[in-house]
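Okay, structure first, notes after.
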Amino acid sequence: MQVLQAPSSPHLSIQTSKPPHLTWGLLPSVCVNSSPFSTLHFSLHSQKDQRLLWSPHKRFTSRAASVEVLEFSKSFVNWDVGIVNISVVVGLEFGDSSVSTGTAEGDVLKALSQIIDPDFGTDIVTCGFVKDLQIDEASGEVSFRLELTTPACPIKDMFEQKANEVVAMLPWVKNVKVTMSAQPARPIYAEQLPAGLQTISNIVAVSSCKGGVGKSTVAVNLAYTLADMGARVGIFDADVYGPSLPTMVSPENRLLLMNPEKKTIIPTEYSGVKLVSFGFAGQGRAIMRGPMVSGVINQLLTTTEWGELDYLIIDMPPGTGDIQLTLCQVLNWWTSIVLFLNHTLTSVIGLEPSYIVPLTAAVIVTTPQKLSFIDVAKGVRMFSKLKVPCVAVVENMCHFDADGKRYYPFGRGKNVDKLMVVQQFGIPHLFDLPIRPTLSASGDSGVPEVVADPQSEVSKIFQNLGVCVVQQCAKIRQQVSTAVTYDKSIKAIKVKVPDSKEEFFLHPATVRRNDRSAQSVDEWTGEQKLQYNDVPEDIEPEEIRPMGNYAVSITWPDGFSQIAPYDQLQMMERLVDDVFEPSVQA
């Protein structure tokens with residue numbers, strides 16, 4: 001028997017009506033995942049006077065080992081030595097093979113925890129994919145639902161097959177029923193978005209810094225590839241000066257409709273994909289100045305009734321100007337000013353606010369020429385400054401086949417430039433598209449290549465691109481949703497910035513005192529308005545919500561909502577990690 005001792009722990013004895021093999025000890029704090037447990041009758045007594053101290057409190061199943069774990073805790077225990085705060089953890093290893101509801105559920109969860117999500121590197125139980133677990137012990141039937149992050153998950157069939165196999169291997173299981181589903185379409189921070197964008201999970205920009213490289217072709221075929229994978233998809237053509245969508249797809253209704261009651265735009269549709277373009281507004285191509293274009297794009301995007309979408313593909317206009325900045329999120333201290341101006345315009349002046357559109361990721365399209373790759377670097381830097389991850393680069397028109405040979409009209413892939421993209425910007429996902437007459441013809445005919453010929457070589461390349469986009473968006477959402485969290489047990493804010501391996505802790509009071517908004521710092525003089533003693537040492541955040549890929553919004557007990565960029569959090573004074581390590585001796 002192994003005993004784990006906490007400092008100054010009193011002697012305890014455990015009495016059970018039918019004792020199993022026991023491993024027990026005292027720990028300052030224990031975090032385990034709860035599950036129903038078979039009924040045991042036991043109590044905890046003082047050795048000295050046999051007074052009853054605790055009755056059964058919590059029961060848990062440990063998925064990390066083949067033991068059952070029980071936890072007892074009491075805030076105040078009246079020992080002869082005074083008041084003591086302790087927790088007791090008891091591990092039980094049963095020799096009986098009989099199945100109860102608690103152990104049956106534990107067996108199923110333990111079996112399912114063998115399945116690892118390759119994108120998150122964590123088992124599907126820890127990821128929270130297992131829902132609605134039901135067990136009928138009499139018939140040996142087990143049913144549950146696997147709720148994935150997206151219906152376009154490229155390995156959903158593998159998940160379903162593995163789940164059936166591992167659960168069916170349990171000796172008492174006779175039948176397994178697995179249902180597959182996906183999480184509802186919803187961005188991570190929906191409350192900060194206009195109504196039309198609150199039910200869109202991912203917004204992906206397809207961009208280039210040079211015209212004529214096939215950006216619209218990639219955007220349209222990527223969208224229909226994602227739809228073929230099972231996702232709900234929309235396309236927004238952001239090029240007001242030269243919209244391409246009306247040429248590349250042929251919807252039955254080629255005009256956008258208005259909802260007069262809601263004053264919203266109803267998108268048109270083709271092959272299950274929702275479409276919005278200035279070319280469908282009956283205006284043709286626009287002749288207007290930049291600020292007017294930004295307003296048109298903002299209106300088309302934010303007032304459209306997109307409904308629930310897993311992916312909204314934005315076909316960006318070429319360049320890195322006003323329109324691109326309008327469609328991307330604001331990253332620095334201007335965010336707080338924009339939010340303040342939005343509130344002022346709406347509540348004081350009565351004007352309509354402008355919205356910050358959060359991009360989940362970007363795909364860059366280029367051609368093999370060196371000049372084009374120079375523009376790729378320009379575009380990647382723009383998205384990097386805007387904290388929008390670039391998940392893939394598509395090199396279009398890289399080669400063609402003729403007379404049984406493969407020709408590279410612009411040079412064989414410009415390997416030096418590709419290497420620069422990989423090394424300098426860390427974008428390992430590169431896709432080569434060949435020159436194909438069918439790809440060009442499909443763009444002119446109104447039927448995308450992946451719809452016209454889903455088994456072609458080009459369609460398979462787009463399928464690989466679609467898998468890449470799905471996996472990378474899932475990773476980004478996971479990283480953003482867990483980047484900044486509050487650990488109540490240690491009363492510290494844990495920070496792990498996306499795309500960084502570093503993890504550190506901050507004191508909540510330190511974060512609150514470092515607020516740089518107008519409420520805490522005078523904008524004109526720079527004088528600190530929020531004083532050190534204004535923030536209590538024991539302050540705790542009420543809620544922490546992501547704001548795109550660059551910051552979090554922290555709500556404090558006084559109702560103040562603080563915008564804390566990752567860059568600012570990384571500069572704050574940190575707590576030492578070993579402060580949180582429990583001093584436990586084996």
Side-chain angles (χ1 to χ4, degrees), residues 118-119 149-150 152-155 201-210 213-229 231 233 235 238 310-316 318 320 324 327-328 359-368 372-384 386-399 413-415 417-434 439 448-450 457-480 498-499 549:
D119 296 330
T149 55
T150 170
C153 177
I155 53 174
S201 294
N202 302 281
I203 302 179
V204 180
V206 178
S207 178
S208 70
C209 294
K210 183 176 289 294
V213 299
K215 169 184 53 61
S216 296
T217 299
V218 172
V220 170
N221 282 278
L222 172 60
Y224 280 94
T225 298
L226 293 172
D228 186 61
M229 294 170 66
V233 184
I235 306 176
D310 299 298
Y311 302 93
L312 175 61
I313 305 299
I314 297 185
D315 182 7
M316 303 274 283
T320 56
Q324 286 76 13
L327 291 166
C328 295
L359 295 177
T360 308
V363 174
I364 306 294
V365 182
T366 183
T367 52
S372 186
F373 266 98
I374 292 174
D375 288 334
V376 165
K378 182 180 177 183
V380 172
R381 288 192 185 97
M382 179 195 74
F383 283 114
S384 177
L386 298 173
K387 304 296 184 185
V388 177
C390 293
V391 297
V393 172
V394 178
E395 187 181 77
N396 193 20
M397 298 180 284
C398 60
H399 61 78
K414 296 295 181 182
N415 292 326
D417 298 317
K418 285 187 177 182
L419 195 61
M420 181 197 71
V421 171
V422 173
Q423 292 181 344
Q424 183 174 347
F425 302 111
I427 308 175
H429 305 287
L430 303 173
F431 299 89
D432 294 342
L433 278 176
L439 183 58
E449 170 77 1
V450 297
E457 178 191 358
V458 171
S459 296
K460 291 178 181 178
I461 296 173
F462 278 112
Q463 288 167 11
N464 294 333
L465 175 61
V467 169
C468 171
V469 169
V470 169
Q471 292 175 335
Q472 294 303 310
C473 285
K475 284 183 181 180
I476 292 167
R477 287 175 62 88
Q478 176 73 5
Q479 291 173 347
V480 168
D499 294 327
N549 303 319

Item checked: Verdict with supporting geometry, Asp310 and Leu226, side-chain contact (heavy atoms from CB on, under 4.5 Å) -> CA-CA 9 Å; Asp310 299 298; Leu226 293 172; over 6 Å; no
Using a 4.5 Å cut-off on heavy atoms from C-beta on, say whether the side chain of [Y] contacts that of [X].
{"X": "Asn202", "Y": "Leu312", "value": "no"}
{"X": "Val218", "Y": "Val206", "value": "yes"}
{"X": "Pro389", "Y": "Gln472", "value": "no"}
{"X": "Val458", "Y": "Phe462", "value": "yes"}
{"X": "Ile461", "Y": "Asp432", "value": "no"}
{"X": "Ile364", "Y": "Val394", "value": "no"}
{"X": "Glu449", "Y": "Val220", "value": "no"}
{"X": "Asp228", "Y": "Val450", "value": "no"}

Spatial distance of atom [atom1] ([X]) from atom [atom2] ([Y]) [nearest 0.5 Å]:
{"X": "Leu439", "Y": "Met397", "atom1": "CG", "atom2": "CE", "answer": "9.5 Å"}
{"X": "Ile427", "Y": "Phe383", "atom1": "CD1", "atom2": "CZ", "answer": "10.5 Å"}
{"X": "Cys398", "Y": "Leu433", "atom1": "SG", "atom2": "CG", "answer": "7.0 Å"}
{"X": "Arg381", "Y": "Cys390", "atom1": "CZ", "atom2": "SG", "answer": "11.5 Å"}
{"X": "Phe431", "Y": "Leu465", "atom1": "CZ", "atom2": "CG", "answer": "5.0 Å"}
{"X": "Met316", "Y": "Lys215", "atom1": "CE", "atom2": "NZ", "answer": "9.0 Å"}

Notebook entry, point to check: If you measure only the distance, is there a donor-acceptor pair under 3.5 Å linking the side chains of Thr150 and Tyr311?
Noted result: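 There is such a pair (donor and acceptor under 3.5 Å, judged by atom type) between the side chains of Thr150 and Tyr311.
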Check: With distance as the sole criterion, is a donor-acceptor pair present between the side chains of Asp315 and Ser216 under 3.5 Å?
Finding: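 Judged by distance alone, the side chains do pair up.
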Search all heavy atoms of [X] against all heavy atoms of [Y] and return the closest pair with its distance.
{"X": "Ala361", "Y": "Ile476", "result": "CB-CD1, 4.0 Å"}
{"X": "Pro434", "Y": "Asn396", "result": "O-OD1, 4.4 Å"}
{"X": "Ala205", "Y": "Leu359", "result": "CB-CD1, 3.9 Å"}

Next item on the list: Evaluate the criterion side-chain contact (heavy atoms from CB on, under 4.5 Å) for residue pair Ile313 and Val204; output intermediate values, then yes/no.
Entry: CA-CA 5 Å; Ile313 305 299; Val204 180; 3.9 Å; yes
Check: With Cys473, which of Ile203, Thr360, Thr149 fulfils side chain to side chain contact (heavy atoms under 4.5 Å, CB included)?
Finding: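 The option that passes is Thr360.
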Next item on the list: Begin with the C-alpha distance, continue with both residues' side-chain angles, and end with the deciding distance and a verdict on side-chain contact (heavy atoms from CB on, under 4.5 Å) for Met229 and Val467.
Entry: CA-CA 9 Å; Met229 294 170 66; Val467 169; 4.0 Å; yes
Margin query: Has Arg477 got a side-chain atom pairing as donor or acceptor with Ser201's backbone, closer than 3.5 angstrom?
Written below: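 The answer is yes, because a donor-acceptor pair under 3.5 Å joins these two groups.
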Check: Side chain of Asn221, backbone of Thr217: donor and acceptor closer than 3.5 Å?
Finding: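 The answer is yes, because a donor-acceptor pair under 3.5 Å joins these two groups.
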